[in-house]
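Labels below follow one simple rule: chain letters A, B, ... track the order of the sequence lines, proteins then strands, and each chain is numbered from 1.
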Amino acid sequence: MCKTIPKDSFRHSDKAPYLYHMDILKELNNVQAQAVSSIDGPVMIIAGPGSGKTRVLTYRIAYLIQQGIDPFRILALTFTNKAAKEMRERIQTLLGGSEARNLYMGTFHSVFARILRMEAAKIGYPTNFAIYDTDDAKSLLKSIIKELGLNDKLYKPSNVSYRISSAKNSLISPQDYLADPDLMSEDEQAGRPYMGKLYEKYQQRLFLAGAMDFDDLLVKTYELLDNFPEVLYKYQNRFSHLMIDEFQDTNFAQYSIVKKLAAIHENICVVGDDAQSIYAFRGATISNILNFEKNYPDLKIFKLEQNYRSTPYIVHAANELISNNKGQIKKEIWTDKKEGEKIKVFRAGSENEEARMIAESIFEQKITYHIQNQDFAILYRTNSQSRAFEEQLRRLNLPYRIYGGLSFYQRKEIKDFVAYLRVLVNENDEEAMKRVLGLTKGVGQTTINKIIATASEKNVSLWEMIKKPELIQEITKGAYRLLFNFSMMVQSLQAQLHTKNAYEIAEMIGRQTGMLESLFLDKTSEGIGRYENVQELLSGIKSYTLEEKEEPEEDEVSPENDLAAYLQQISLLTDSDKEDENPNKVKLMTVHASKGLEFPSVFVVGLEENLFPSMLSLNTREELEEERRLFYVAITRAQDRLYLSYANTRVRFGSIQYNEASRFIEEVGLDNLNMPRNRVFSNTPPSQQRSGNTSYNGMQNNYYEKKKEPSPSTNSNSGGDQFNSMNLKNKKPIAQSIRNSSAVVPSDLKGLKVGNMVVHEKFGQGKVTLVEGGGDNVLATIFFEGVGAKKIMLRFAKLQIIS
DNA sequence: GTTTAGGCAATTTTT
DNA sequence: TTGCCTAAAC
């Protein structure tokens with residue numbers, strides 16, 4: 001309707017010459033082109049997996065610029081640095097010039113941190129405020145819990161932190177919290193009546209330390225815009241066009257900010273997919289999508305339903321799977337790609353066997369399909385699952401990279417080093433100060449506790465006390481001396497901030513504190529690693545310093561803020577943001593981390609009940625549905641080949657766990673699967689098939705009763721091997737056979753004796769020559785023709801007795 | 001104040 | 001199984 005050309009005020013005179021020679025819309029499909037060219041008024045784009053979402057976003061920005069919109073006035077928010085970076089690069093390629101550099105684009109957190117930095121004074125924070133990561137936040141909470149004399153078994157930092165975070169994500173201040181009867185009674189019933197008080201105290205301490213946690217970056221931005229109309233007005237006017245990526249993952253705070261910023265122009269475009277919402281546990285709420293329609297009645301909605309990424313089996317599987325979820329925005333994802341292969345299911349006896357099978361499969365695929373290491377991804381539910389795969393990949397000399405887990409900046413030596421930098425930049429930073437004090441020889445927990453106690457009592461920062469150690473209660477003579485020297489050192493280093501750049505300062509700290517030397521002298525393999533890590537950090541600082549000189553920020557950045565800017569940047573960086581010198585590696589990551597990525601060959605592993613779906617998600621329908629969406633994200637990463645695997649046993653928490661296959665496997669539709677060729681176990685009565693049956697009986701029934709829609713007819717007359725077509729004859733027994741398989745000796749093998757002839761899935765026919773062990777650990781030695789003798793655990797074996 | 005040993009609990013996903 | 005915390009010894 002309003003296909004008007006944007007108001008003149010948005011235009012700027014600089015042309016983007018390359019753009020004017022190409023018709024951006026020609027390279028897009030119909031819906032994409034409409035989404036890209038609807039630049040006036042609110043727009044919502046529902047983008048299925050592989051539907052060209054990033055393409056639409058980048059082309060839309062390019063289109064805006066082509067239409068004369070000043071890049072300075074375009075704000076684009078993403079969830080990850082990686083997404084922001086990728087978009088910027090792609091726009092740069094499109095525009096051929098440097099226009100993209102002027103875009104205001106980044107993650108919610110980094111963009112808001114930047115705004116807060118400029119406006120910090122208004123809300124009483126220092127420009128160089130610290131950003132606390134989750135460890136810092138928990139550590140601070142721990143101190144507070146201790147000071148208030150609360151039971152730390154009851155008030156666990158992680159719990160308290162989660163509760164506070166939830167409040168913040170909903171823009172509930174400590175005052176609101178304490179005044180909310182529902183919240184208060186919830187806490188009381190949970191036996192944690194002081195939760196609100198903790199929240200209040202926590203915020204006070206953060207303020208005193210000149211620090212914000214991740215959530216504060218959102219909350220404080222909101223407060224800033226809410227309390228200072230002139231600031232709000234400034235940014236509202238500045239940003240004429242807003243774009244929000246991964247809208248389904250925004251929380252209330254993020255949405256509220258965005259809505260405020262867009263209030264004048266209402267040129268806001270959100271892109272998302274409700275089926276890929278996987279961060280509800282972090283406060284993301286689907287109601288943002290629903291509210292969006294309500295808040296903007298003249299909203300234009302576009303649905304990108306054509307999948308350009310995956311083959312039909314994968315697309316059908318994804319559709320089938322997600323139809324098990326209740327409420328969702330209606331859409332039908334389709335593809336016109338050629339047929340491809342069915343999804344192959346691996347069944348393993350243990351996590352090591354699972355890893356071995358997959359490593360070997362990668363090895364074989366590389367040869368069969370002439371593809372590279374980087375074309376493979378192994379996706380798992382939890383980081384701890386990576387270990388077995390590392391071993392097996394190493395065994396086959398397959399290079400790999402693990403994403404996530406302990407990040408570079410979370411390593412002790414890095415945190416230690418960075419803590420010194422933090423203290424220089426913001427001497428009130430309590431967590432950094434605690435860390436640095438702890439590193440100082442002669443100062444221990446007792447002294448630190450005394451400092452904290454006195455500071456807390458006087459309601460000042462630790463630094464105020466360290467500067468005047470004579471005021472610290474019960475301070476010992478030795479500690480007094482040490483603290484005095486310490487404060488001198490900090491002040492002299494601080495004085496040099498004005499004359500030296502970040503790298504020079506960092507180097508000086510490394511030398512003066514003796515950190516570099518002591519790490520250098522440690523010649524254990526870990527010690528060498530630590531030394532190298534610190535060196536890497538230093539060179540990171542060096543290249544940052546150089547970069548800064550090349551392209552000065554448009555905002556005020558004085559030399560002494562150089563270091564501060566660096567610190568703020570790294571506090572919002574994750575491991576996946578780091579480039580790899582050799583990208584040709586098999587990639588291992590959690591499903592969460594894989595969002596937005598795609599790979600020719602994908603393994604989704606550990607598909608067992610209680611692991612994926614996670615044990616902790618089985619309590620409510622909502623959580624289970626989120627797990628299902630998570631699995632949806634996982635399988636839709638695959639372009640050509642998708643593999644699902646599960647292990648019957650897994651060592652968890654030091655003991656062996658027996659697992660059933662995940663319900664998700666069969667939820668993708670058996671027609672799309674290529675099942676393992678295992679015998680059909682059918683001796684366990686249904687009531688014993690699941691452990692913990694009672695707790696989610698209702699859900700299970702619900703699940704079984706749900707009538708599946710007739711699956712979109714796949715041309716299943718081809719491709720299915722005999723086992724598969726056999727499977728299709730009756731669904732239920734196969735379903736049960738997956739579930740049933742567990743690491744007990746199947747009863748039809750109980751009577752196995754020396755002399756029996758058996759058939760093994762892999763080794764073929766063989767003769768039993770020895771049976772040893774008892775119970776579930778029966779071990780049979782079997783001589784296979786052409787293979788030789790093998791020792792086989794009956795509980796894992798895929799054996800069939802033939803005589 | 002620092003180090004070591006031993007007991008104990010807890011294990012999801014992340015900007 | 002690991003890693004965290006506490007208690008005791010150095």
Mind checking A:V591 for me? I need base, sugar-phosphate or nothing, with any heavy atom below 4.0 Å counting as a touch. nothing
Looking only at side-chain N and O atoms, does A:K138 come under 4.0 Å of OP1 or OP2 in C:dC4? no
Closest-nucleotide 5' rank along DNA chain B - winner of A:E623 and A:V443: A:V443
Report which part of the nucleic acid A:F108 touches: base, sugar-phosphate, or nothing (heavy-atom distance under 4.0 Å, all strands). nothing
Assign A:F79 to base, sugar-phosphate, or nothing according to its heavy-atom contacts below 4.0 angstrom with the strands shown. sugar-phosphate
Look at all strands and tell whether A:K142 reaches a base, only sugar-phosphate, or nothing, counting heavy atoms closer than 4.0 Å. sugar-phosphate
A:Y400 and A:R394 side chains, donor-acceptor separation under 3.5 Å: yes
By nearest nucleotide on DNA chain B, pick out whichever of A:Y279 and A:T440 is the more 5' one. A:T440
pair A:L206-A:D216: side-chain heavy atoms closer than 4.5 Å: yes
Distance, P atom - from C:dC4 to B:dT13, rounded to whole angstrom: 15 Å
Looking at every strand, decide which applies to A:G442 at a 4.0 Å heavy-atom threshold: base, sugar-phosphate, or nothing. sugar-phosphate
Using a cut-off of 4.0 Å on non-hydrogen atoms, how would the nucleic acid contact of A:K156 be classed: base, sugar-phosphate, or nothing? sugar-phosphate
I want to check something: taking the side chain as every heavy atom from C-beta on, are A:I244 and A:C269 in contact at a cut-off of under 4.5 Å? no
Could you give the start and end, 5' to 3', of the contact zone on DNA chain B for chain A, using atoms under 4.0 Å from its heavy atoms? B:dG1 to B:dT15
Is it true that A:K326 and A:E625 make a salt bridge, defined as a side-chain N closer than 4.0 Å to a carboxylate O? no
Are the side chains of A:F631 and A:V591 in touch, meaning some heavy atoms are under 4.5 Å apart? no
Is there a side-chain contact between A:F603 and A:L642 (heavy atoms, below 4.5 Å)? no
Salt-bridge present (A:E147, A:R205; N to O < 4.0 Å): yes
Just call it for A:T574: base, sugar-phosphate, or nothing, with non-hydrogen atoms closer than 4.0 Å on any strand. sugar-phosphate
Just checking A:S384: base, sugar-phosphate only, or nothing, at a heavy-atom cut-off of under 4.0 Å? nothing
When all nucleic acid strands are considered with a 4.0 Å heavy-atom cut-off, which category describes A:L572: base, sugar-phosphate, or nothing? nothing
Interatomic distance where CG belongs to A:D135 and C1' belongs to C:dC4 [whole Å]: 14 Å
What's A:D133 touching, base or sugar-phosphate or nothing? Going by heavy atoms closer than 4.0 Å. nothing
